[in-house]
Amino acid sequence: MLSTFTRDLNTAAVMFKTIKQALFSTGLQYPAVTEPKDDGCETKATDYEIRTYKPTKWVSTTTSGMNLDEALGAGFRKLFKYIQGNNVNKVKVEMTAPVTCRVNPGDGPTCESHFTVSFYIPEEHQDNPPEPSDPDVFVENRKEFTAYIRTYGGFSDENLKQEELLKLVESLQRDGVPFVDTPYYTAGYDSPFKLVNRRNEVWILKQKYEP
């Protein structure tokens with residue numbers, strides 16, 4: 001009976017942690033960033049931030065289509081199954097933040113774009129990530145990269161992402177800093193159940209990045 005009681009307590013603790021993360025986005029691991037350089041190049045501007053991410057592993061899936069939100073939703077579901085144990089070792093992996101989507105826009109208005117949706121792999125699995133069971137899911141080794149980042153709140157959709165991306169581009173052009181047009185990233189930090197103090201970002205790379 002004692003073992004059953006202990007198991008029930010552990011289950012309740014896991015459920016409470018999951019609910020707390022969903023409602024408040026607390027206790028989530030973030031990918032590591034480097035310390036800002038004191039050279040005037042790595043700083044926070046009035047309306048965007050310059051952030052350099054260290055080399056890390058992410059679990060990702062890629063799809064093509066015309067709609068960013070649909071691609072993000074489909075990719076999220078595949079990756080959520082992965083962290084719930086749909087991997088070779090059937091290991092459950094902690095949820096992390098942010099969920100990123102790398103967007104390679106199509107060549108024209110009627111051409112499909114390519115989307116890569118990714119979860120950061122938590123620190124305890126960085127050295128040896130569980131191998132995905134789904135052939136559409138893969139472990140991505142991200143090299144160090146620097147991005148210009150604009151943060152905004154509320155519930156985000158494709159139109160709002162595009163508006164914030166345009167604002168970021170206009171800020172970078174205003175400041176005369178080097179950047180590349182594509183690909184760009186969107187990043188979300190919160191569960192759909194979190195109603196206030198939501199955090200969303202759009203990222204533009206400082207220089208061309210080769211995965």
Side-chain angles (χ1 to χ4, degrees), residues 28-32 51-122 125-150 156-162 164-165 168-169 179-192 200-211:
L28 300 179
Q29 286 190 38
Y30 295 171
R51 199 183 300 160
T52 298
Y53 282 95
K54 296 180 179 180
T56 46
K57 293 184 176 71
W58 297 62
V59 61
S60 303
T61 185
T62 299
T63 186
S64 298
M66 303 294 291
N67 187 287
L68 190 159
D69 289 337
E70 289 180 2
L72 185 56
F76 183 95
R77 288 189 289 272
K78 288 185 178 182
L79 298 180
F80 190 75
K81 288 180 181 178
Y82 168 85
I83 67 171
Q84 287 297 299
N86 187 26
N87 52 69
V88 172
N89 296 331
K90 302 190 183 305
V91 174
K92 287 196 174 183
V93 179
E94 289 280 349
M95 186 67 200
T96 60
V99 177
T100 67
C101 183
R102 183 169 66 243
V103 183
N104 290 83
D107 293 332
T110 60
C111 297
E112 290 187 334
S113 297
H114 299 284
F115 307 98
T116 301
V117 184
S118 305
F119 288 3
Y120 166 64
I121 295 174
H125 296 292
Q126 276 288 309
D127 290 339
N128 188 26
E131 182 181 345
S133 299
D134 186 337
D136 292 334
V137 176
F138 60 94
V139 173
E140 177 185 352
N141 291 286
R142 287 193 188 175
K143 304 173 186 176
E144 181 176 280
F145 68 95
T146 299
Y148 303 101
I149 295 170
R150 181 178 174 87
S156 189
D157 59 20
E158 184 163 6
N159 289 334
L160 186 55
K161 292 180 177 76
Q162 291 295 328
E164 296 296 330
L165 184 70
L168 179 55
V169 169
F179 68 93
V180 293
D181 292 319
T182 58
Y184 66 87
Y185 287 76
T186 69
Y189 287 78
D190 303 303
S191 157
N200 313 286
E201 294 174 345
V202 286
W203 302 356
I204 290 179
L205 300 183
K206 184 177 181 180
Q207 57 192 17
K208 188 174 180 181
Y209 176 84
E210 295 293 342

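Throughout, residue positions are numbered sequentially from 1 according to the sequence presented. What's counted below: heavy atoms across the whole structure, side chains too, no hydrogens, waters or symmetry copies.
- When side chains are defined from C-beta on, T56 does not count as touching I121, because their heavy atoms never get closer than 4.5 Å.
- Minimum heavy-atom separation, A97 to P31: O-CD, 3.2 Å.
- Applying the ring-ring contact (aromatic ring centres under 6.0 Å, His included) definition to pairs two or more places apart or across chains, those involving residues 52-71 are Y53-F145, Y53-W203, W58-Y120.
- In plain terms, the two heavy atoms of P130 and V139 that are nearest each other are O-CG2, 4.3 Å.
- Applying side-chain contact (heavy atoms from CB on, under 4.5 Å) to K57 and the options H125, Q126, E140 leaves one that passes, Q126.
- A distance of 13.5 Å separates OG1 of T100 from CZ of F115, quoted to the nearest 0.5 Å.
- Scanning all heavy atoms of the two residues, the minimum distance from P105 to S113 falls at CA-OG, 3.3 Å.
- Here CD of Q162 is found 10.5 Å from CG of D157. Values are rounded to the nearest 0.5 Å.
- In this structure the side chain of N200 never reaches within 4.5 angstrom of the side chain of T186, judged on heavy atoms.
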- prompt: Would S118 and R142 count as a side chain to side chain donor-acceptor pair (under 3.5 Å) if you check the C-alpha gap in whole Å, the side-chain angles of each, and the deciding distance to 0.1 Å?
  reply: CA-CA 11 Å; S118 305; R142 287 193 188 175; 3.2 Å; yes
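- V180 and Q207 make their closest contact through CG1-C, 3.8 Å (heavy atoms, listed as atom of the first residue, atom of the second, distance).
- Applying the 6.0 Å contact sphere to CD of E144 captures more than 12 heavy atoms from other residues, nucleotides or ligands.
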task: For side chain to side chain contact (heavy atoms under 4.5 Å, CB included), just list the numbers for T96 and Y30, CA-CA rounded to whole Å, side-chain angles, deciding distance to a tenth of an Å, and then say yes or no.
output: CA-CA 6 Å; T96 60; Y30 295 171; over 6 Å; no
For residues 67-79, please give each side-chain donor-acceptor pair under 3.5 Å, one per line with the distance, not counting sequence neighbours.
unit_1, atom_1, unit_2, atom_2, d
N67, OD1, D69, N, 3.0
N67, OD1, E70, N, 2.8
D69, OD1, E158, N, 3.4
D69, OD1, K161, NZ, 3.4
D69, OD2, E158, N, 2.9
R77, NH1, G73, O, 3.4
K78, NZ, D136, OD2, 3.0

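- When all heavy atoms are compared, the tightest approach of E131 to Y82 is C-CE1, 4.3 Å.
- Side-chain contact between R150 and E201 is absent, with no heavy atoms from C-beta onward closer than 4.5 Å.
- For the residue pair E112 and S64, the shortest heavy atom distance occurs at OE1-CB, 3.5 Å.
- Between R102 and Y185, the closest side-chain pair of non-hydrogen atoms falls below 4.5 Å.
- The structure places CG of N87 at 11.0 Å from CG of D134, a figure rounded to the nearest 0.5 Å.
- With rounding to the nearest 0.5 Å, the separation of CG in L205 from OH in Y184 is 12.5 Å.
- Contact of the F138 side chain with the T62 side chain is registered, since non-hydrogen atoms from C-beta on lie closer than 4.5 Å.
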